[in-house]
Amino acid sequence: MKGISMSTDTNADIIYTATDEAPQLAAASLLPIIRRFVSEVGLSVEERDISVAGRILAAFPERAPDGAQDDLAWLGDRVKEADANIIKLPNVSASVPQLNAAIAELQAQGFDIPDYPEAPETDAEKETRARYDAIKGSAVNPVLREGNSDRRAPAAVKAFAKEHPHSMGTWSKDSKTRVSTMSAGDFHSNEKSVTLDAAQTVRIEHVSGDGTKVLADGLSYPAGTILDATFMSKAALLSFLEEAIATTAADGTLFSLHMKATMMKVSDPIIFGHAVRVYLKPVFDTYGDALAEAGANPNSGLGTMLDVIADMPQADEINAAIKACLSERPPLYMVNSDRGITNLHVPSDVIIDASMPAVLRAGGKGWGPDGKEGDTNCVIPDSSYAGVYAESVAFFKENGALDPTTAGTVQNVGLMAKKAEEYGSHPTTFEMSASGTMNVVAEGGDVLLSHDVAAGDIWRMASTRAEAIENWLALALERQKLTGYETVFWLNKNRAHDAEILRAITPMLEAAGAMDKVQIMAPSEATQHALKVITRGENVIAATGNVLRDYLTDLFPILEVGTSAKMLSVVKLMNGGGLFETGAGGSAPKHVQQLMEENHLRWDSLGEFCALAESLRFVGEARGDADVQVMGDAADDAITRLLSEGKSPGRKVGQDDNRDSHFHFALYWAEALAAQSKSPALSETFAPVAARLRDDYDTIRAELSQGRGQAVDLGGYYRTDPEKVAAVFRPSATFNAIMDQAAG
Ligand SMILES: NC(=O)C1=CN([C@@H]2O[C@H](COP(=O)(O)OP(=O)(O)OC[C@H]3O[C@@H](n4cnc5c(N)ncnc54)[C@H](OP(=O)(O)O)[C@@H]3O)[C@@H](O)[C@H]2O)C=CC1
Ligand SMILES: O=C(O)CCC(=O)C(=O)O
Ligand SMILES: [Mg+2]
């Protein structure tokens, strides 16, 4: 049953994660194929549930059926074992509106779980809130990613994009698109950093007129850990946002805000809320108190606010005031102009890693409320990484769009292990209740880092462990050796944190004799360099921190190969295991909507195919099992053929969809296994499978396409009904019979 795993502590050879939305639906069709094939080499596959619904139910075990277990916690231990082998599909990192929707759905399905307490007062409410806050935002990836990240477009994918380039928008030299970012008072400007020369246990305290309040205590770090502390000034943010709105109005462009409210689940919803307040200032000036009293929280977006307003006595007046404000202010960049969903409706609708590359790919365009494309002011409040996008805008204005038929590639090696850098900072991020001083204090009483803060400022501490840095550097040098590509470390020596990283890696580079084999450039300069290199048709490795890992592994694939879904994304776990992620993108909620309306799933499982091939090779190598290696290599052959024969899903109903691509993958995989000669036994086993799939090709294709164009019912959104999903995703009795046939 999806949502609650009843599995016992078995240890299958491959763990496949059950997640959300499009990848989860795709798994209903793909997993039976994978199980069928790998059973022939004696491998078992087990699903572990890390979906939002599954995690909610696991957070209330006392209310769930007996035997339900917390699969994320189990996986958190499993990734530390040397033989871990996990295929990780993308999962929803839930914003509050998404969490509320999932809770409501589970309640309607009969689960006795509490509402999300917006303003917890009693101890019981605070306890409930704490359990939900652990699920909120990016709660899965930081637990599983016990290693650094290696993401790149597979050679077959690059070759395909060169032959069959995706569409690219046209850039004009007089495009008014720009990036607006803060020049003072932001996380970047206020950052302070220190490297611990001995192991330390620290506490975080807030000293104000009311005394000293300990916000976190007993935080232990080994020697060599880099600790950073910084804050975003509320006053500086508000004046920046006002100015950005004025600039947008003067430019006559769209206003767009690009944040990472999912991964940066504490800081970014607050910043998003300030943007909603500033943009709708006239509304808040008049109705702010009434809105607050009714429980409208701008941090959850305009969409949720409108729901609250609907039940207020002044609903008509407030709605009219909002409408008037929207028409007087610069037009908002839209998520869905047909449905009137703006950039400010839901904090998780516009996520910077995917949204900025989409603007850049489209020639600097976004969608306006009139349903037309327009130039846009891309507002990215913190300036730590905004320069990457500003530099990209400048480059494309000057040089025109990238040409995918000739472009080289940017591969990424990302520092991610042990919750590195900003992406691990959720538990140590705080919104200041009063002005005062924030201190990071060592056990002996030494103040390691200190800031004067004002009420409303957002302060955070992040950590990066020496072990993670060493492993990252080694991985970058290993990739350089394997590829021969030039390698650039994206580090800004004038930024506090980066300067500490440089201090750590310089002796390591010297010891490895690699000092003159790598380059070090600040992110803006490195962006310009990378774009020049790939424009020339050459390749480069970008060794970056955790945030840039995320940003660049959507940015470059989307420009180079049209999507990040086709990325190979490997996490070499520090204790020896392998975590094979699928693509670099997310769960594509738009795809589920289309499926429900017209039974077409345009999700491309190429990321899953690539992860599977890697996972098989990993087991094969670890166990010295040549047949398993053959399985992995044959999966790669199938991927190449799938691409070259154009069997990837199309965007529109009537074209092939996800299920058709799975069938072709199975067919080509079987044919590759039948054709290879390294393992005669496997060839003999798969020859009849391939023959049956080929003989029944037309029947299977016809059966797969039944019911396309019609709405489908999945029995839920966050917790679907497995039988209904199977009916939709396995519609071919002929194909199912071949796949369900017992191995051997
Ligand atoms: N590793 C993880 O667990 C990740 C999780 N996420 C989570 O996923 C959710 C959605 O994130 P969002 O930023 O919208 O990003 P998505 O990547 O889901 O969506 C952006 C767009 O990319 C295209 N796309 C992405 N993957 C595929 C695919 N496999 N096949 C075809 N097209 C694809 C789609 O474009 P089009 O509309 O043109 O078809 C889609 O609308 C969020 O909850 C986010 O936190 C995000 C990234 C990684
Ligand atoms: O965990 C998340 O919220 C998103 C992760 C992500 O975008 C990525 O790893 O590329
Ligand atoms: Mg990402």
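First listed ligand is number 1; within each ligand, the first listed atom is number 1. If you're wondering where the values come from, they're calculated on a predicted model, not measured in any experiment. All residue numbers in this chain count up from 1 along the given sequence. Any value given below was found using the heavy atoms of this structure, including those in side chains, with hydrogens, waters and symmetry copies removed.
Atoms of ligand 2 lying under 4.0 Å from at least one heavy atom of Lys260, given by number and element, are 4 (C), 6 (C), 7 (O). Under a 4.0 Å criterion applied to the non-hydrogen atoms of Asp550, ligand 2 contributes the atoms 6 (C), 7 (O), 8 (C), 10 (O). Counting atoms of ligand 2 from 1 in the listed order, those under 4.0 Å from a heavy atom of Asn141 are 1 (O), 2 (C), 4 (C), 5 (C).
Under 3.5 Å, the side chains of His345 and Thr342 contain a donor-acceptor pair of N or O atoms. Side-chain contact annotation: Asn546 with Tyr551, donor-acceptor N/O pair under 3.5 Å absent.
Residue contacts with ligand 2, taken as heavy atom pairs separated by less than 4.0 Å, do not involve Met567 at all. Contacts of Ala584 with ligand 2, taken as heavy-atom pairs under 4.0 Å, involve the backbone alone. Here Val140 has no heavy atoms under 4.0 Å from ligand 2, in either its backbone or its side chain. With a 4.0 Å heavy-atom cut-off, ligand 2 is reached by the side chain of Arg151 but not by its N, CA, C or O. When heavy-atom distances to ligand 2 are checked against a 4.0 Å cut-off, Met264 has no atom that comes that close, whether in backbone or side chain.
In this structure, Arg48 forms no cation-pi arrangement with Tyr16, as its terminal cationic atom is not both closer than 6.0 Å to the ring centre and no more than 45° off the ring axis.
Using a cut-off of 4.0 Å between Lys/Arg side-chain N and Asp/Glu carboxylate O, Asp71 and Arg55 are scored as not salt-bridged. Salt bridge absent: Asp657 and Arg602 never bring a charged side-chain N and a carboxylate O closer than 4.0 Å.
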Report task. Run the numbers on Asp20 and Val592 for side chain to side chain contact (heavy atoms under 4.5 Å, CB included), then give the verdict. Result -> CA-CA 10 Å; Asp20 309 277; Val592 187; over 6 Å; no
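For the pair Ile541 and Val413, the minimum side-chain heavy-atom distance is below 4.5 Å. Between Met356 and Cys378, the closest side-chain pair of non-hydrogen atoms falls below 4.5 Å. Looking at Val388 and Leu552, their side chains come closer than 4.5 Å, going by heavy atoms from C-beta outward.
Protein residues with a heavy atom under 4.0 Å from ligand 1 are Lys88, Pro90, Asn91, Val92, Ser93, Asn141, Arg145, Thr262, Ile351, Ala354, Ala565, Glu581, Ala584, Gly585, Gly586, Ser587, Ala588, Pro589, Lys590, His591, Arg602, Trp603, Asp604, Arg651.
The option with the heavy atom closest to atom 9 (O) of ligand 2, from among Met263, Glu581, Arg145, Met416, is Arg145.
The six-membered or imidazole ring of Phe580 lies near that of Phe618, with a centre-to-centre distance under 6.0 Å.
Take the Mg ion (ligand 3) and draw a sphere of radius 2.8 Å; the protein N/O/S atoms inside it number 2.
Atom NZ of Lys572 has 12 or fewer neighbouring heavy atoms from other residues, nucleotides or ligands inside a 6.0 Å radius.
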